[in-house]
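Here is the structure we will look at, set down as structure tokens.
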Amino acid sequence: MQHSSIHWFRKGLRLHDNPALLAAATDCHRLHPLFILDPSSGRAGTNAWRFLLDALRDLDRSLREMGSRCPTPSTTPRGGCLALSLGVQGIQTRCRACPSLSHLRVLALNNGKAPLTYKGLQSLLASLGPPEKPAPTLTLEHLQGCHTPCQVSHDTEYGVPTLEELGQDPTEVGPHLYPGGETAALARLNSLMDRTVSKPETEPTSLSPSTTVLSPYLKFGCLSVRTFWWWLDEVYQGREHSQPPVSLHGQLLWREFFYTAGAGIPNFDRMVGNPVCLQVNWDNNPQHLRAWREGQTGYPFIDAIMTQLRTEGWIHHLARHAVACFLTRGDLWISWEEGLKVFEELLLDADWSLNAGNWLWLSGSAFFHRYFHIYSPVAFGKKTDRDGAYIRKYLPVLKDFPAKYIYEPWKAPRAVQEQAGCLVGTHYPQPIVEHGAASKRNLGRMKAARAQKGNKSPRRHQAPLAPCCHSSCLPLLQAPSGNNQLASQWLNHKGKSPRPSHTDPHRDPQLWVRHYLSGFDPFCSTAPH
DNA sequence: ACGACTGTTGGTGTA
DNA sequence: GTACACCAACAGTCG
């Protein structure tokens with residue numbers, strides 16, 4: 001009972017199922033839970049920062065109720081620096097994060113190779129058995145005899161900052177629909193109980209979410225994926241329910257699928273150097289990209305979705321499909337990497353592997369091969385929303401258009417546009433491309449790109465990237481020892497962390513520790529190791 | 001090595 | 001409203 005522990009909160013912003021926090025609190029005399037804010041990290045937009053600050057306040061409140069606190073210094077050492085310097089000073093550093101159910105175990109079982117189909121993942125999982133059970137929630141009992149020293153100046157110096165203090169513009173946030181934090185996450189989880197716990201009726205055009213919206217909570221670790229899995233398991237008992245891939249368990253397995261792919265495939269979030277990614281000559285068209293990002297394509301369904309994304313930070317998965325297809329193989333023929341960056345900024349739930357994996361999928365670059373299935377920016381939304389209520393909600397400029405023209409306002413006669421108080425080309429843009437011609441042309445280009453692939457030298461699978469791991473918890477981290485020069489170099493490193501180079505993380509300790517740790521930061525754009 | 005099977009969720013036109 | 005053919009015919013996986 002003599003030692004002090006520091007618990008560094010990174011992605012697991014919760015007290016339930018947090019083995020690292022539990023271990024830190026066990027038999028310790030002084031506990032210092034902390035979170036390090038790095039305003040320069042990642043591309044997160046204002047809504048995502050608000051979610052994070054909510055989560056931190058919630059965490060601090062929960063800890064305070066047990067006599068502890070969670071300070072959030074903003075001195076922003078780069079991910080990895082702290083662990084490295086502690087290691088150099090001979091302080092034991094343990095890294096125990098469980099952002100997934102089993103992706104590292106799957107990779108270990110499959111010689112470091114990520115399965116490229118859902119079926120493949122399922123058969124590997126079958127031999128691993130069920131996921132681990134969640135760890136007990138931290139309670140007052142765990143903290144017996146343990147205290148957190150707090151200075152009088154705690155709140156002013158280490159309290160959770162405001163958006164302004166982070167350099168974010170608070171006027172940019174949308175309605176506060178999804179407050180961050182563990183408390184909100186568990187409340188949302190428990191409210192599922194009242195609903196049919198099978199795949200919810202899902203419609204991209206519903207005015208309030210028809211799916212669970214647990215994804216932002218999973219992304220920040222406000223909700224443990226293992227807790228969610230076993231909670232579902234209990235609710236499913238003795239009930240008729242759907243099966244993977246469409247059940248909620250199945251949805252969590254998709255998450256595992258992309259986590260596995262993200263950890264096992266080099267350059268996963270890029271086209272070049274990514275062995276599973278179709279190599280495509282995407283167009284460089286900043287005007288079209290901007291129109292898509294700002295919801296100014298002239299296709300109301302697309303623009304409404306992009307508006308919901310920007311203001312609310314969450315859109316239905318089929319809405320994501322529609323806009324992703326439109327940007328890439330469907331209409332604009334712009335690289336999925338551009339879309340990935342926009343989603344990373346605007347989505348509350350942008351998780352590195354899931355974001356990259358789904359962009360690969362929707363752009364027809366990997367995993368998905370029926371490239372002639374193209375979402376229509378006009379017909380797709382109409383299927384579930386004939387009258388265009390969704391468009392009217394998010395694009396009020398079009399709200400008085402008759403249903404007949406709401407998906408294609410440019411087709412409305414001048415008199416109808418005047419009646420609706422909206423002239424296409426003046427108050428709302430003309431379509432930036434003609435979908436019929438564009439999609440036809442792009443289908444041909446897609447075919448050509450795929451034909452090209454056959455001529456290339458066969459792809460080689462590269463060495464496995466994941467550090468070996470025996471369970472979903474990571475082993476003791478051993479920082480390179482006795483290398484003070486390395487540590488100070490690192491601590492002096494300024495600016496953004498470079499993208500993860502997958503050349504050889506094992507041989508370069510600096511690269512390795514960064515690679516190893518950075519994925520735990522909420523906004524860090526690297527693999528979730 | 002090879003064939004069979006399968007794949008979370010399309011659009012359009014016709015009967 | 002529903003059912004079906006057609007589009008053009010892939011790639012990973014498994015036996």
Side-chain angles (χ1 to χ4, degrees), chain A residues 106 109-111 113-127 198-206 210-212 215 241-258 260-261 264-265 274-280 299 301-302 305 315-326 328-331 354 357-386 407-408 434-456 458-459 461:
Chain A
V106 168
L109 180 67
N110 203 35
N111 303 317
K113 277 190 296 185
L116 297 177
T117 61
Y118 190 83
K119 268 255 165 71
L121 176 78
Q122 277 183 305
S123 52
L124 288 164
L125 285 172
S127 57
S198 60
K199 190 186 184 185
E201 293 298 301
T202 63
E203 290 184 2
T205 49
S206 34
S210 55
T211 49
T212 65
S215 51
H241 60 84
S242 53
Q243 294 295 323
V246 296
S247 65
L248 288 180
H249 274 144
Q251 299 304 299
L252 292 181
L253 294 186
W254 278 109
R255 187 173 178 276
E256 296 301 304
F257 178 79
F258 288 123
T260 314
I265 296 167
N274 179 339
V276 305
C277 180
L278 185 70
Q279 302 298 303
V280 174
Y299 283 92
F301 183 55
I302 300 299
I305 293 169
I315 50 177
H316 187 272
H317 64 282
L318 292 179
R320 301 175 196 213
H321 288 207
V323 295
C325 184
F326 187 89
T328 57
R329 66 191 169 85
D331 294 81
L354 310 191
N358 279 299
W359 275 103
L360 282 161
W361 185 295
L362 266 307
S363 65
S365 298
F367 310 117
F368 174 80
H369 307 288
R370 281 182 284 190
Y371 59 93
F372 38 84
H373 286 195
I374 296 171
Y375 291 89
S376 161
V378 171
F380 186 64
K382 248 186 215 173
K383 275 198 301 192
T384 49
D385 183 16
R386 281 203 76 77
Y407 285 88
E408 302 166 283
E434 202 274 291
H435 172 69
S439 60
K440 209 167 171 187
R441 171 163 185 237
N442 293 341
L443 197 102
R445 294 206 269 194
M446 204 66 188
K447 227 179 355 177
R450 301 175 74 91
Q452 193 78 31
K453 193 164 70 162
N455 302 332
K456 275 188 15 189
R459 68 168 92 103
H461 197 89

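Each chain gets a letter, A, B and so on, in the order the sequences are listed, and its residues count up from 1. Worth knowing before you read on, the calculation uses all heavy atoms, side chains too, and leaves out hydrogens, waters and symmetry mates. In this text the structure is predicted, and so the values were computed from the model without any measurement.
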Sequence neighbours excluded, which residues qualify as ring pair (Phe, Tyr, Trp, His ring centres under 6.0 Å) partners of [X]?
X	answer
Tyr407(A)	none
Phe380(A)	Tyr375(A)
Phe326(A)	Tyr299(A)

Review point. Among Ile305(A), Asp385(A), Leu318(A), whose side-chain contact (heavy atoms from CB on, under 4.5 Å) with Thr205(A) holds?
Key: Asp385(A)
Over how many whole Å does the gap from [X] atom [atom1] to [N] atom [atom2] extend?
X	N	atom1	atom2	result
Met446(A)	dG10(B)	CE	C1'	15 Å
Asn110(A)	dG12(C)	CG	C1'	13 Å
Arg329(A)	dG10(B)	CZ	P	10 Å
Phe301(A)	dG10(B)	CZ	C1'	13 Å
Phe368(A)	dA11(C)	CZ	C1'	13 Å
Leu124(A)	dG12(C)	CG	C1'	13 Å

Quote, to the nearest angstrom, the [atom1] distance that separates [N] from [M].
N	M	atom1	value
dC6(C)	dT8(B)	C1'	22 Å
dT13(C)	dA9(C)	P	23 Å
dG7(B)	dA8(C)	P	24 Å

**Study point:** Tyr118(A) and Phe367(A): CA distance, side-chain angles, deciding distance, ring-ring contact (aromatic ring centres under 6.0 Å, His included) verdict
**Key:** CA-CA 9 Å; Tyr118(A) 190 83; Phe367(A) 310 117; over 10 Å; no
**Study point:** Partners passing side chain to side chain contact (heavy atoms under 4.5 Å, CB included) against Thr117(A) (at least two apart in sequence or in another chain)
**Key:** Lys119(A)
Point to revise | side chain to side chain contact (heavy atoms under 4.5 Å, CB included) partners of Asn110(A), counting only residues at least two apart | key: Lys113(A), Pro115(A), Leu124(A)
Review point. Side chain to side chain contact (heavy atoms under 4.5 Å, CB included) between Val323(A) and Leu362(A): does it pass, once the steps are laid out?
Key: CA-CA 9 Å; Val323(A) 295; Leu362(A) 266 307; over 6 Å; no
Is the shortest side-chain heavy-atom distance between [X] and [Y] below 4.5 Å?
X	Y	answer
Asn274(A)	Val276(A)	yes
Trp254(A)	Leu121(A)	no
Arg329(A)	Ile374(A)	yes

Practice item. Output all residues satisfying side-chain hydrogen bond (donor to acceptor under 3.5 Å, both in side chains) with Thr260(A), sequence neighbours left out; order by chain, then residue number. Key: none
Exercise for review: Could you pull out all residues at least two apart from His369(A) that satisfy side-chain hydrogen bond (donor to acceptor under 3.5 Å, both in side chains)?
Suggested key: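 Partners of His369(A) by the side-chain hydrogen bond (donor to acceptor under 3.5 Å, both in side chains) criterion, ordered by chain and then number, come out as Arg450(A).
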Are any protein N/O atoms closer than 3.5 Å to N/O atoms in nucleotides 11-15 of chain B? If there are, list each pair with its distance.
from	atom 1	to	atom 2	distance (Å)
dG11(B)	OP1	Ser376(A)	N	3.3
dG11(B)	OP2	Lys383(A)	NZ	3.1

Review point. Dot-bracket for DNA chain C, 5' to 3', with Watson-Crick and G-U pairs under 3.5 Å, [ ] for crossing pairs and | for other-strand pairs: what is it?
Key: .||||||..||||||
Exercise for review: Not counting sequence neighbours, list each pair that qualifies as a side chain to side chain donor-acceptor pair (under 3.5 Å) and has a residue in residues 437-446 of chain A.
Suggested key: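 Listed by first then second residue: Asp283(A)-Arg445(A), Asn442(A)-Arg445(A).
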Check your understanding: Where along nucleotides 5-10 of chain C does protein come under 4.0 Å, by heavy atom, of base (B) or sugar-phosphate alone (S), with - for untouched nucleotides?
Key -> ---BSB
Can you name the atoms? Protein N/O to nucleotides 13-15 of chain C N/O, anything below 3.5 Å, with the distance.
from	atom 1	to	atom 2	distance (Å)
dT13(C)	OP1	Leu116(A)	N	3.1
dC14(C)	OP1	Ser123(A)	OG	3.4

